[in-house]
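As the structure is a computational prediction, the values presented were derived from the model and not from experiment. The chains referred to below are lettered A, B, ... by the order of the sequence lines, with proteins before strands, and numbering in each begins at 1.
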Number of protein chains: 2
Amino acid sequence: MTSVKKMAARKTVERQTGVALWRQIADRIRLAIGNGDYDATGMVPPETTLASEFGVNRHTVRSALAALAEEGLVRAVQGRGTLIERKDRVTYPISRRTRFSQGLGRQVKEIGSKLLGQREVRASGDVAAALGLPPGSPVVELRTVSSGDGRPLSATISYFPAERFPEMAQQYARLGSVTKAFAAQGLDDYLRVSTEIVARHADAEELKLLKLSPGAIVLEALAVNADLAGRPVEYSRTRFAADRMKLRIET
Amino acid sequence: MTSVKKMAARKTVERQTGVALWRQIADRIRLAIGNGDYDATGMVPPETTLASEFGVNRHTVRSALAALAEEGLVRAVQGRGTLIERKDRVTYPISRRTRFSQGLGRQVKEIGSKLLGQREVRASGDVAAALGLPPGSPVVELRTVSSGDGRPLSATISYFPAERFPEMAQQYARLGSVTKAFAAQGLDDYLRVSTEIVARHADAEELKLLKLSPGAIVLEALAVNADLAGRPVEYSRTRFAADRMKLRIET
DNA sequence: CCTAAATGTCTATTGATCTAGACGACTATA
DNA sequence: TATAGTCGTCTAGATCAATAGACATTTAGG
């Protein structure tokens, strides 16, 4: 409809929006790489081509590519072109039996989980409601960051009923997995009962934990897991680096 | 953990990242409004306070507030302060039986669906794969925008197998609902078989359709619905205005 | 009625971003 | 070994983003 642009498929970027053109273009190219748009050549189109596609100066495209090179996503080789080093976006499956490491298994070679902190606190309103406990009940809080092949993928804050799982913190520290820590305390199976997802700009803490650049997006998933009898055993708040992840809902 | 900032809670913003300070600040304030941080007064803190909190000049804060006023989120009144006009996020449930209007029922008074365009096209690779058809098969494409209480919430592109649902476009135009259009063509029930979710910055078209301000985020859900025999009947690509919506996964 | 506190407007200056053009350096291929 | 195609670097100027300070205007409250 409306106007039909001729020739070189014009990819629009917006000016005067508080987001620099080079950053908008970097975001678009990162997305295109993730979509496999350049798989045929394994390279990003030449700078001059990109510049005319986006309707900007070649220097602006170079700034965008420099940012992507900084991320380790591409590598420019003089005389040849700009090679794609890594294709982004890991798929994270969400199902009734969601297990962090399991789902990522084949997509990344190495999964890392780092425990940032743990403490016992009294459940605030939302945590208590999610876990079906009276407000103020003791809960174990775990803060973790998970990464795939060295890149941070998600930052999580989890809450567990302290009375039922008093050793949660120690067991997690020892085993490095929520599923295993549950098993060590007599819970062999649990199911995802609810997940809420919002997308927003990352705050300062998230930028640091996930090694993101400002303006980056996080997908925040609020999830409740329950045992087979339906009693909540975990409430978690996971922030995913949106440009590295895709969520798949399996129903 | 680590360092504890003292005094006037310094809210950090990052410089030289391609995202203007005023936009970072606008994003932070929008988030704070959504979190209910200013509910006590119904107002945003004074410009001078915000300026010192973020460690920037008052003019920079004014640019941020001007952007939020443009969105209709706040309204500045000389001599009084900056009033919060609106704070919201509609929840969109995703389950095996996802129906657009149903889930929003009690949250918004009035649901609007606008048909932007319809045509019959040959299925491209991804569409064909999702619908389980040979590439190039005829499919009906519908483009719609849905809104709640007058504000656009989502923009959708849907594909239906043209052979099985030849009247899709006409029926949708007449009935204003995919569920009803299916029913009119003999399909009484269908289920969501897969959903993929990514978050990214809105492109130019989405900014326009969803009446967003540049730099805004969209949640993109790629979904396949199938009949009870498991045959795909719809492939849809829905872009939600992320600052107005929350997705709830029901498993 | 005055004052404090808040937003509105103006000018001037600095630094970051973007454009424009030219030319050098490297790679692959005919 | 040319030559076309591509990335690398440099200079100069225009526009946008942010700072700084001053003062006007409006509102609420003593």
Side-chain angles (χ1 to χ4, degrees), chain A residues 8 10-29 33 38 40-70 73-85 213-215, chain B residues 8 10-29 38 40-70 72-85 213-215:
Chain A
R10 177 61 126 267
K11 292 169 183 165
T12 56
V13 282
E14 310 267 320
R15 285 154 197 269
Q16 293 168 0
T17 63
V19 182
L21 295 180
W22 64 264
R23 177 149 289 286
Q24 296 184 51
I25 292 169
D27 291 341
R28 296 278 295 269
I29 296 175
I33 291 174
Y38 307 136
T41 59
M43 296 171 73
V44 169
E47 295 171 352
T48 49
T49 306
L50 289 169
S52 88
E53 276 181 0
F54 286 110
V56 303
N57 192 277
R58 180 176 154 234
H59 293 294
T60 309
V61 169
R62 281 180 60 74
S63 299
L65 291 175
L68 294 176
E70 182 73 21
L73 205 62
V74 301
R75 180 168 54 92
V77 178
Q78 191 173 98
R80 291 182 60 194
T82 303
L83 283 60
I84 294 169
E85 291 281 272
S213 43
Chain B
R10 176 62 126 265
K11 293 166 183 165
T12 55
V13 282
E14 313 264 324
R15 288 157 195 267
Q16 293 168 7
T17 61
V19 182
L21 294 181
W22 64 264
R23 176 149 291 283
Q24 295 185 50
I25 292 170
D27 292 340
R28 297 279 295 271
I29 296 174
Y38 306 136
T41 58
M43 296 170 73
V44 168
E47 294 171 352
T48 49
T49 306
L50 289 170
S52 86
E53 275 182 0
F54 285 109
V56 302
N57 192 276
R58 178 176 157 235
H59 293 294
T60 308
V61 169
R62 282 179 61 74
S63 299
L65 291 175
L68 295 177
E70 182 73 21
L73 205 62
V74 300
R75 180 168 52 90
V77 179
Q78 190 172 132
R80 290 182 61 193
T82 304
L83 285 60
I84 295 169
E85 292 278 89
S213 49

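- In this entry the distance linking CG of Leu83(B) with P of dA28(D) reads 10 Å, nearest Å.
- Ser63(B) comes within 4.0 angstrom of nothing in the nucleic acid, heavy atoms only.
- A side-chain contact (heavy atoms from CB on, under 4.5 Å) with Val61(B) holds for exactly one of Leu50(B), Thr49(B), Thr48(B); it is Leu50(B).
- Here the C1' atom of nucleotide dA6(C) and the CZ atom of Arg62(B) are 10 Å apart, to the nearest Å.
- For Glu85(B), the CD atom counts as densely surrounded, since its 6.0 Å shell holds more than 12 non-hydrogen atoms of other residues, nucleotides or ligands.
- The separation between Phe54(B) atom CZ and dA17(D) atom P is 18 Å, rounded to whole Å.
- The distance between atom CD of Gln78(B) and atom P of dC23(D), rounded to the nearest whole Å, is 17 Å.
- Following rounding to the nearest Å, His59(B) (NE2) and dC16(D) (P) show an atom-to-atom distance of 18 Å.
- Look at CZ on Arg80(A): it is 11 Å from C1' on dT6(D), rounded to the nearest Å.
- Taking every side-chain heavy atom of Ala76(B) into account, dT7(C) is the closest of dT19(D), dA28(D), dT7(C).
- As a whole-Å value, the separation of Met43(B) CE from dA28(D) C1' is 11 Å.
- The nucleotide whose nearest atom lies closest to any side-chain atom of Leu21(A) is, among dT19(D), dG8(D), dT19(C), dT19(C).
- Checking Asn57(B) against Val77(B), the closest nucleotide of DNA chain D that is more toward the 5' end is the one next to Asn57(B).
- Listed nucleotides dT7(C), dT17(C), dT6(D) differ in distance to Pro46(A); the shortest reach to its side chain belongs to dT6(D).
- Taking atom CZ of residue Arg75(A) and atom P of nucleotide dT27(C), one finds them 12 Å apart after rounding to whole Å.
- In the interface, the side chain of Arg58(A) is paired with the base of dG8(D) through a donor and an acceptor atom under 3.5 Å apart.
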